[in-house]
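Written below as structure tokens is the structure these notes are about.
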Amino acid sequence: MSARFDTLFALWSEQIPLAKAMEIRFEETSGDWSLQAPLEPNRNHMGTAFGGAIASLATLTGWAQTWMLLPNPEATHIVVGKSTIQYRRPARGELIGTAQAPSDDTVSDFLASLDARGKAGIHIVVQIHSDGVEAARLKAKFVAIQKSA
């Protein structure tokens, strides 16, 4: 899986410079993965994580989850169709973003729709943890659009 993330991070470094500025990195353990970002470049005047940084990490985590579901992600654009975020607690340490894996049926429907129509949406839930507690939760619809040939 890390080879796919290497490709994703190369794409982000070219097209989404915020990911580099936030110092986001990929971590994989026992088949699960997360995106992580240190507090220092993402803090606010209170010494906690800036809300925009939390939202950005959550969005990129959901974006990555969607990207990982695609059989040929380089041939697809991904955009956010709609999102809401709930901030639950101040984040005082490293930020860790994890996406809940959609069901197999949801993924199958998403890929079938993308293949048939060239465009499909999928709902992804992302949690941001810091110091072992949930700091925020993002619920978003990510839309994949096949690139023109």
#### Entry: Side chain proximity check, Thr98 to Asp32, heavy atoms < 4.5 angstrom
no
### 4.5 Å side-chain heavy-atom contact, Ile145 and Val143
yes
### Non-hydrogen atoms of Phe110 and Gly121 that approach each other most closely
CD1-O, 3.6 Å
### Task
Write down the atom of Lys147, the atom of Glu74, and the distance for their closest heavy-atom approach.
NZ-O, 2.9 Å
### Message
Please determine whether side-chain contact (heavy atoms from CB on, under 4.5 Å) holds for the pair Leu138 and Thr84, giving the CA-CA distance in whole Å, both sets of side-chain angles, and the decisive distance to 0.1 Å.
### Response
CA-CA 6 Å; Leu138 175 97; Thr84 58; over 6 Å; no
### Task
Answer yes or no: is there a side-chain heavy-atom contact under 4.5 Å between Arg4 and Pro73?
yes
### Query
What distance do Gln146 atom CD and Asn72 atom CG have between them, rounded to the nearest 0.5 Å?
9.0 Å
### Query
From Gln65 CD over to Phe142 CZ, what is the distance, rounded to the nearest 0.5 angstrom?
9.5 Å
### Message
Under 4.5 Å between side-chain heavy atoms, counting indirect links through other Ile/Leu/Val/Met/Phe/Trp/Tyr residues: same cluster for Ile16 and Leu57 or not?
### Response
yes
### Query
When clusters are formed by joining ILVMFWY residues with side-chain heavy atoms under 4.5 Å apart, either directly or through shared neighbours, do Trp67 and Leu111 land in the same one?
yes
### Message
To the nearest 0.5 Å, what is the distance between CD on Gln127 and NZ on Lys139?
### Response
10.5 Å
### Query
Should Leu18 and Leu95 be regarded as members of a common hydrophobic cluster, given that ILVMFWY residues are connected when their side-chain heavy atoms come within less than 4.5 Å of each other, either directly or indirectly?
yes
### Message
How close do Ala91 and Leu39 get, counting heavy atoms only, and between which atoms?
### Response
O-CD1, 4.0 Å
### Query
Minimum heavy-atom separation for Ala64 to Phe5, with atom names?
CB-CE2, 4.1 Å
### Query
Is a donor on one side and an acceptor on the other found under 3.5 Å between the side chain of Ser108 and the backbone of Asp104?
yes
### Query
Can you tell me how far CD1 of Ile96 sits from CD of Glu134, rounded to the nearest 0.5 angstrom?
12.5 Å
### Nearest non-hydrogen partners of Ala53 and Met22, listed with the distance
O-CE, 3.2 Å
### Query
Sub-3.5 Å donor-acceptor pair from the side chain of Ser130 to the main-chain atoms of Gly93, do we have one?
yes
### Query
Out of curiosity, does Phe50 fall in the hydrophobic cluster containing Ile128 (side-chain heavy atoms, cut-off under 4.5 Å, transitive links)?
no
### Query
Under 3.5 Å, is there a donor-acceptor pair linking the side chains of Thr48 and Asn44?
yes
### Spacing of Leu114 atom CG and Thr76 atom OG1 [to the nearest 0.5 Å]
5.5 Å
### Summary
Minimal heavy-atom distance between Gly51 and Tyr87, with the atoms involved, is O-OH, 3.0 Å
### Query
Run the side-chain contact (heavy atoms from CB on, under 4.5 Å) check on Lys20 and Phe9 step by step: do they pass?
CA-CA 9 Å; Lys20 184 176 181 180; Phe9 274 79; over 6 Å; no
#### Entry: No-hydrogen, no-angle side-chain donor-acceptor test under 3.5 Å, Gln86 and Arg137
no
### Message
Can you confirm whether Arg89 is buried at CZ, in the sense that more than 12 heavy atoms of other residues, nucleotides or ligands lie under 6.0 Å from that atom?
### Response
no
### Query
Does a side-chain N-to-carboxylate-O contact under 4.0 Å join Arg25 and Glu94?
yes
### Query
Is it true that Arg43 and Glu40 have a side-chain N and a carboxylate O under 4.0 angstrom from each other?
yes
### Query
Does a donor on one side chain sit under 3.5 Å from an acceptor on the other, for Ser56 and Thr59?
no
### Task
Kindly compute the distance separating CG (Leu69) from OG1 (Thr106), expressed to the nearest 0.5 Å.
10.0 Å
### Task
Could you tell me whether the side chain of Trp63 and the main chain of Ile78 form a donor-acceptor pair under 3.5 Å?
yes
### Message
According to a hydrophobic-cluster definition based on side-chain heavy atoms being under 4.5 Å apart (Ile, Leu, Val, Met, Phe, Trp, Tyr only), do Val80 and Leu11 belong together?
### Response
yes
### Message
Donor-acceptor pair, distance only, cut-off 3.5 Å: does the side chain of Asn42 make one with the backbone of Pro38?
### Response
yes
### Query
Parallel under 30°, tilted from 30 to 60°, perpendicular over 60°: which one fits the rings of Trp33 and Phe26?
tilted
